[in-house]
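Input: a single structure, listed below in structure tokens.
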Amino acid sequence: MKEFKRFENNAALMNVLTRRSVRAFKQEQITDEELDAILTAAVYAPTAMNRQTSKFTVLQGEKLEKLVSAITAAVLDGEIAFPRQIDAGYRCNYNAPTLIIASDVRENPLGYANCACALENMFLAANALGIGSCWINQVKPACEAPSVRALLTSFGVPADHVCYGSAALGYPASQMPDAPARVDGRVIR
């Protein structure tokens, strides 16, 4: 895009400026090498007082299917509040083949910030590798539903952790869209 022209020789800035949320994925699984790179970016994100209390749980295949089904069931059963109507075919992960859950200790007042920084690092690493990503919010409210919490615990999410967000990852099914127009007045000098 022409407004990015001044940054075209800076790979880091171009990566930030060209990352987009992807909501349509190919079913081909990302490679272990790509997954390792994305997870490395997550663990190198800043954490409050460098305590490094956040954890990253990778779900693929059957485990991911179980979680997506459990979240849909919890919403349909009224176990968790949801801002819109869904049906039994709802897929909170947009059918991405990989989901990484970012969680942190419930008593950590800055756990949400630790996870947000790690998720952004994952999104940027994914973009640099040509992998699509999208922040998935549904795991946060769902992690308090007993049926979902039991499943998360069985997958290794510590019982004393809150799931603050997750990253849906996979190869984009179509070309990345251009950036939507930015809202004026967001920067105050």
Between [X] and [Y] (side chain of the first, backbone of the second, donor and acceptor by atom type, cut-off under 3.5 Å), is there such a pair?
X	Y	result
Arg20	Leu17	yes
Asn108	Leu110	yes
Asn15	Ala128	yes
Thr72	Tyr90	yes
Asn121	Ala42	no
Glu34	Thr31	yes

>> Salt bridge check, Arg91 against Glu65: does any charged N sit closer than 4.0 Å to a carboxylate O?
In response: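 Result for this pair is yes, salt bridge flagged.
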When you group the ILVMFWY residues by side-chain heavy-atom contacts below 4.5 Å and let the links chain together, are [Y] and [X] in the same group?
X	Y	answer
Val16	Met176	no
Leu64	Leu151	yes
Leu67	Val157	yes

Nearest-0.5 Å distance, [atom1] of residue [X] to [atom2] of residue [Y]:
X	Y	atom1	atom2	value
Leu13	Asn9	CG	CG	11.0 Å
Asn93	Cys134	CG	SG	10.0 Å
Phe4	Asp178	CZ	CG	8.5 Å
Arg106	Cys163	CZ	SG	9.0 Å
Leu59	Lys63	CG	NZ	7.0 Å
Glu79	Arg149	CD	CZ	13.0 Å

> Is there a side chain to side chain contact (heavy atoms under 4.5 Å, CB included) between Gln138 and Phe82 once you walk through the steps?
Replying inline: CA-CA 8 Å; Gln138 290 83 342; Phe82 201 66; 3.4 Å; yes
Decide if atom [atom1] of [X] counts as having more than 12 heavy atoms of other residues, nucleotides or ligands within a radius under 6.0 Å.
X	atom1	value
Glu8	CD	yes
Asp32	CG	no
Glu33	CD	no

Short side-chain donor-acceptor distance under 3.5 Å, [Y] and [X]:
X	Y	value
Gln52	Asn50	yes
Asn127	Ser133	no
Thr53	Asp104	yes

> Out of Val68, Ile101, Ile71, Leu99, which one pairs with Ile136 under the side-chain contact (heavy atoms from CB on, under 4.5 Å) rule?
Replying inline: Leu99
Which atom names give the shortest non-hydrogen contact between [X] and [Y], and what distance separates them?
X	Y	value
Pro172	Gly132	CD-N, 3.6 Å
Cys143	Leu152	CB-CD1, 3.5 Å
Arg23	Ser21	NH1-CB, 3.6 Å

> Hydrophobic cluster mates of Met122, side-chain heavy atoms under 4.5 angstrom, ILVMFWY only, any path?
Replying inline: Ile30, Leu35, Ile38, Leu39, Val43, Tyr44, Phe56, Val58, Ile100, Leu119, Phe123, Leu129, Ile131, Trp135, Leu169, Tyr171
> Taking it one step at a time, do Gln27 and Asn95 satisfy side chain to side chain contact (heavy atoms under 4.5 Å, CB included)?
Replying inline: CA-CA 8 Å; Gln27 286 310 294; Asn95 292 307; 3.9 Å; yes
>> Quick check: do Val187 and Arg189 have side-chain heavy atoms less than 4.5 Å from each other?
In response: yes
>> Show me the pairs that pass side-chain hydrogen bond (donor to acceptor under 3.5 Å, both in side chains) and involve residues 158-169, at least two apart or across chains.
In response: Ser103-His161
